[in-house]
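Report on the structure given below.
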Amino acid sequence: MQEGLFAQVNLPKVYRRRRLTNNFMLGLTGIALFLAIVPLIWIIVYVLIKGGHYINLDFFIHLPRPMGTQGGGVLHAIEGSFIMVIIASIFAIPPALLAAFYLVTYPNTLLSDTVRFSTDLLAGVPSIVIGLFGYAVIVVPQKHYSALAGGVVLALIMLPVVIRSAEEMLKLVPSELREGALALGAPEWKTALKVMLPAAAEGVLTGIMLSVARAAGETAPLLFTALGNDNFEIGRFIHYGIASHQSVINIIGQILSQPADALPLTLWKYAQQPYPERVKQAWAVALVLMLFVLTLNITARVWLAKRKSRIRR
Amino acid sequence: MQNTLPIKMEIQELSVFYKSFRALNKVTMPVYEHKVTAIIGPSGCGKSTLLRSLNRMTDLVPGALIEGKVLLDGEDIYDPKKDVVDVRRRVGMVFQHPNPFPMSIYDNVAFGPRLYGLKKRAFLDELVEKSLRSAALWDEVKDKLHQSGMALSGGQQQRLCIARAIAIEPEVILMDEPASALDPVATLRIEELIFQLKERFSIVIVTHNMQQAARVSDYTTFLLMNEERAGELIEFNVTTTLFTRPKDKRTEDYITGRFG
């Protein structure tokens, strides 16, 4: 028999109940984990099976053929996605990084609180509303849909993601690093550019990659802005531009002012076509898009994990 | 005796406020040229605030306010006409945690000189070597100048930061507990280094470690917070005198370990 403090309880019984509770809860969390992972794996496997056999070189280098015919590819969507993501990056990343520096340097001013609040609000605006905004502000005045308008609305989607992730990463940089540079007499901007940014570079890049993945997967905002364009082909504009001796800016301007297609937009359109060939292509587009976004996400997160384990002292 | 020594910096009736809170109350003390001045006192007594006010790092704290004067060679560094960059070029700083920049050892040391327009490669090569030698780090890093400064050991990183600070040839070096994050061997090397550096610079060092203050400094200031939690100067004297024959009862209590 037990003596002293534990004389009045049956310790083996307490231990057994604890063990049972522990195993039960562990089982529950295991089931929850399974439920969380299954949909993801299901989606990946399903899309792989449905779209995998349609992927070949032609799919990447040809424009779409007319509906009801065989073959053709989605070059227009790949190039359109590429162009619009680049436009979005150019518009979103520089101001987002500047804003992040401001938020880290002056964390508690009225302006920084306002910026943080409105950034969070912007991140919460439904993407189709952002698309409508682009339609009203760019498409209507210009009187035509364009890759430029598509890029700008994607920039609005990237902006809050980059600002908040860059802020988080810059916050991880020890304040003594900034003070060290300022103590040498360095101006604030040089400290930001030469010391803070390199110290947080991997983390900031990770945030940018995540935002690109987000922008590349958006459909709704492009419906009102880029519209879609089966004949979008950069090569053609470049050939024509060179042949007619146009300036580089002119050629770029022509490309940007075309309506453009994008992978998610193409997927959305193809999936509702009555032609089996188009539906098969839609699955293949889904696969390409998914692999692109997945690769960006995984690379970014692996980088981030490495970064976080290293930056703190 | 000490009145005949050349004075590098003179702190006169210096008070520092953070918003309405008075962190430092009317501190007056000299910093003698080519001497090591230690600032000791319990946590929160304003040691770091005093140190940081000597090269205007207090400017970085929103709401910080200065009263009184800090003279550098007779000129008030808080004079509105005084350029803060010039103050920081002449009064360098070494921090508690080694803070090498995310760049090569060479670029770390050349960072300061480049800020002031010194860009000629051959000149910089020489300056980097000289600074690293002065910081007793050259022999350990001469073969890997272009590797990251962050890959060095803690003690080496701190000596790199000292090399970086002295590369712009400041007149005064402020050290904020420079060895508190280091192991005993690395600490000893930093202390030896301080002993060599005082031939060329005037040094002010904040330390938690009284033995360290006794070992490295020529003069010691003892700070203590008053009832309103503002740091006040209790005693300033030659280090050996302060540690062996303190004038103030509170100094005696502190150095004999009765509090703090």
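This one's a predicted model, so the numbers in the text were calculated from it and none came from an experiment. Convention: sequence-line order gives letters A, B, ...; per-chain numbering from 1.
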Original post:
Where does B:Ala165 contact chain A at under 4.5 Å (heavy atoms): side chain, backbone, both or neither?
Top reply: backbone

Original post:
Taking atom CG of A:Leu111 as the centre, does the number of heavy atoms from other residues, nucleotides or ligands within less than 6.0 Å exceed 12?
Top reply: yes

Subject >> Whether over 12 other heavy atoms sit under 6.0 Å from A:Glu188 CD >> reply: yes

Subject >> Full working for side chain to side chain contact (heavy atoms under 4.5 Å, CB included) between A:Glu179 and B:Arg52 >> reply: CA-CA 11 Å; A:Glu179 290 178 348; B:Arg52 284 161 170 265; 2.8 Å; yes

Original post:
Of all heavy-atom pairs between B:Phe101 and A:Val195, which one has the smallest distance, and what is that distance?
Top reply: CD2-CG1, 3.7 Å

**OP:** Count the heavy atoms belonging to other residues, nucleotides or ligands that lie under 6.0 Å from CZ of A:Phe91, then report whether that count exceeds 12.
**Re:** no

Original post:
For the atom pair CD (B:Gln96) and CD (A:Glu176), what is the distance rounded to the nearest 0.5 Å?
Top reply: 6.5 Å

Subject >> More than 12 heavy atoms from other groups under 6.0 Å of NZ on A:Lys190 >> reply: yes

Subject >> Enclosure of A:Phe133 CZ (heavy-atom neighbours >12, cutoff 6.0 Å) >> reply: no

Subject >> Over 12 foreign heavy atoms within 6.0 Å of CZ, B:Phe17 >> reply: yes

Original post:
From A:Thr191 OG1 over to B:Leu115 CG, what is the distance, rounded to the nearest 0.5 angstrom?
Top reply: 8.0 Å

Subject >> Over 12 non-hydrogen atoms of neighbours within 6.0 angstrom of CZ in B:Arg229 >> reply: no

Original post:
Just one of B:Val84, B:Asn55, B:Leu60, B:Asp59 clears the side chain to side chain contact (heavy atoms under 4.5 Å, CB included) bar with A:Leu182, so which one?
Top reply: B:Leu60

Subject >> Closest approach of A:Gly180 to B:Arg164 (non-hydrogen atoms, all atoms of both residues) >> reply: CA-NH2, 4.4 Å

Subject >> Interatomic distance, A:Leu177 atom CG to B:Phe95 atom CZ [nearest 0.5 angstrom] >> reply: 9.5 Å

Original post:
Which heavy atom in A:Ala181 sits nearest to a heavy atom in B:Phe111, and how many Å separate them?
Top reply: CB-CE2, 4.2 Å

Original post:
In Å and rounded to the nearest 0.5 Å, what is the NZ to CZ distance from A:Lys194 to B:Arg114?
Top reply: 8.0 Å

Original post:
Which of the residues A:Thr105, A:Leu184, A:Thr109 is involved in the greatest number of heavy-atom pairs with chain B at under 4.5 angstrom?
Top reply: A:Leu184

